[in-house]
Amino acid sequence: KSIKIFAPATVANLSCGFDVLGCCLDTVGDEMVISLSSKPGVRITKIEGADLPLDTKKNVAGVAVEALLANYENEIGVDIEIYKKIKAGSGIGSSAASSAGAVWAVNHLLNNPFSPHKLVEFAMEGEKLASGNAHADNVAPALLGGFTLVRSYAPLDVIKLHTPNDLVMTVIHPQIEVKTSDARSVIKQNVTLKQAIHQWGNVGGFISGLFTEDYELIGRSLEDVIIEPMRSILIPEFENVKKAAISAGALGCGISGSGPSIFALSKSITTAKNVAEVINDVYTKTGLDFDIHISKIN
Ligand code: HSE
């Protein structure tokens, strides 16, 4: 039994929700072919498009599937082929796509013995391997779709949020690699009460905006007073991209996950395309290679 799947890219944090908010992109992602085999064990048989380890224990898809099989009653084998389109270190959930895609496919081939929420736990093992931290804000939207909130990590409590139909994401990916582990090491471990109040007001506002489809409120809430000031220095032209995106009509703009990708959320495909154009202009001047994706959230 074998299945070919689309493993979606995701945008984590969404400015105000470091490690708790994320959303799933509809048209940006990898392909994977997953097969069940009578030969026990997990094997990564092919990787195209990226220089990633074939060793199961060093591959995020491998460890995620091993976590699933450790909870499965029968002894089975799994062969994994990965066709990467999302670059590692791009900030749009490359490792999450592989981990989440692999466990989703195996679960599907086994006739869904595990709930999507349980799959999030298995996929988090992949994230732990990739960045040293089992954050769920990329794997949860990759598995549940749309927008998700990690309300709690211990115990894990993941909530699927509402996705307003008109939201469109523009993502620019400058072709430099920022390792999530490095981007996490620049973050100070303490926040002030003033910052916390500002931030949790925005998280609440953002989620309320999603459910009431209040696009203005979504826009106002896309603000990060804690992480963005520390991380944006790693991203060339971040402030100029943000200014250009907002002036072109984006509801909000911020760092995608741990960067270097930058996301802008807009209310229509027309605005998302205008945003892409102005961001393109800003980045063309840098001489850096980059690509831009426009995608709905699903
Ligand atoms: N919440 C994580 C971080 C996402 O910002 O480090 C990494 O993609």
Side-chain angles (χ1 to χ4, degrees), residues 7-25 28-30 50 52 60-61 64 84-101 120-121 123-144 147-154 156-159 161 169 171-174 176-189 191 195 199-200 202-203 206-207 222-235 238 252-263 265 293 295 297:
T10 44
V11 172
N13 300 340
L14 295 161
S15 297
C16 54
F18 178 70
D19 275 1
V20 300
L21 287 173
C23 70
C24 183
L25 301 184
V28 187
D30 297 337
L52 292 167
V60 298
K84 287 304 282 182
K85 306 230 164 74
I86 314 169
K87 296 213 171 61
S90 59
I92 50 171
S94 181
S95 53
S98 300
S99 315
V120 172
E121 279 179 41
M124 283 167 74
E125 291 302 314
E127 293 295 69
K128 198 160 148 193
L129 176 69
S131 73
N133 179 280
H135 59 91
D137 50 343
N138 291 104
V139 291
L143 284 160
L144 304 180
F147 287 91
T148 55
L149 169 75
V150 185
R151 194 211 49 89
S152 157
Y153 273 92
L156 188 68
D157 185 3
V158 174
I159 300 170
L161 307 170
M169 195 65 102
V171 180
I172 176 163
H173 171 215
I176 51 170
E177 186 181 352
V178 173
K179 289 208 174 75
T180 297
S181 46
D182 292 341
R184 293 183 84 85
S185 69
V186 303
I187 299 171
K188 289 199 214 95
Q189 290 301 307
V191 296
Q195 288 172 313
Q199 201 87 349
W200 61 50
N202 280 327
V203 174
F206 183 76
I207 292 171
L222 282 170
E223 183 194 28
D224 174 6
V225 297
I226 299 175
I227 311 292
E228 186 178 292
M230 292 185 270
R231 276 184 172 171
S232 55
I233 47 172
L234 302 171
I235 306 171
F238 176 76
C253 176
I255 303 171
S256 173
S258 53
S261 287
I262 303 169
F263 78 91
L265 208 48
H293 305 286
S295 175
I297 294 147

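First listed ligand is number 1; within each ligand, the first listed atom is number 1.
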Problem - N13 side-chain N/O to S15 backbone N/O, donor-acceptor pair under 3.5 Å - result: no
Problem - Close-contact set for ligand 1 against F18 heavy atoms, below 4.0 Å - result: 3 (C), 5 (O), 6 (O)
Fill in the blank from the handout: Nearest heavy-atom approach of D137 to Y153 is N-OH, 3.9 Å
Completion exercise
Under 4.0 Å between heavy atoms, the region of N138 that gets near ligand 1 turns out to be side chain
Exercise for the section: For residues A123 and S99, report the shortest heavy-atom separation together with the two atoms involved. Expected result: O-CB, 3.5 Å
Exercise for the section: Considering only non-hydrogen protein atoms, determine which one is nearest to atom 7 (C) of ligand 1 and report residue, atom name and distance to 0.1 Å. Expected result: H135 CE1, 3.5 Å
Exercise for the section: Applying side-chain contact (heavy atoms from CB on, under 4.5 Å) between S95 and each of V60, L52, L129, report the one that passes. Expected result: V60
Practice task
Without swapping roles, check the side chain of S261 against the backbone of I92 for a donor-acceptor pair under 3.5 Å.
Solution key: no
Problem - Residue, atom name and distance, where the atom is the protein heavy atom closest to atom 3 (C) of ligand 1 - result: R184 NH1, 3.3 Å
Practice task
Check each atom of ligand 1 against the heavy atoms of T180 and keep those under 4.0 Å away; list them by number with element.
Solution key: 6 (O), 7 (C)
Fill in the blank from the handout: At under 4.0 Å between heavy atoms, what of R231 touches ligand 1? The answer is side chain
Exercise for the section: With heavy atoms only and a cut-off of under 4.0 Å, state how I227 meets ligand 1: side chain, backbone, both or neither. Expected result: neither
Handout entry: Electrostatic pair K84-D30, nearest N-O below 4.0 angstrom
Key = yes
Exercise for the section: Using a 4.0 Å heavy-atom threshold (strictly under), name the region of D19 that reaches ligand 1: side chain, backbone, both or neither. Expected result: both
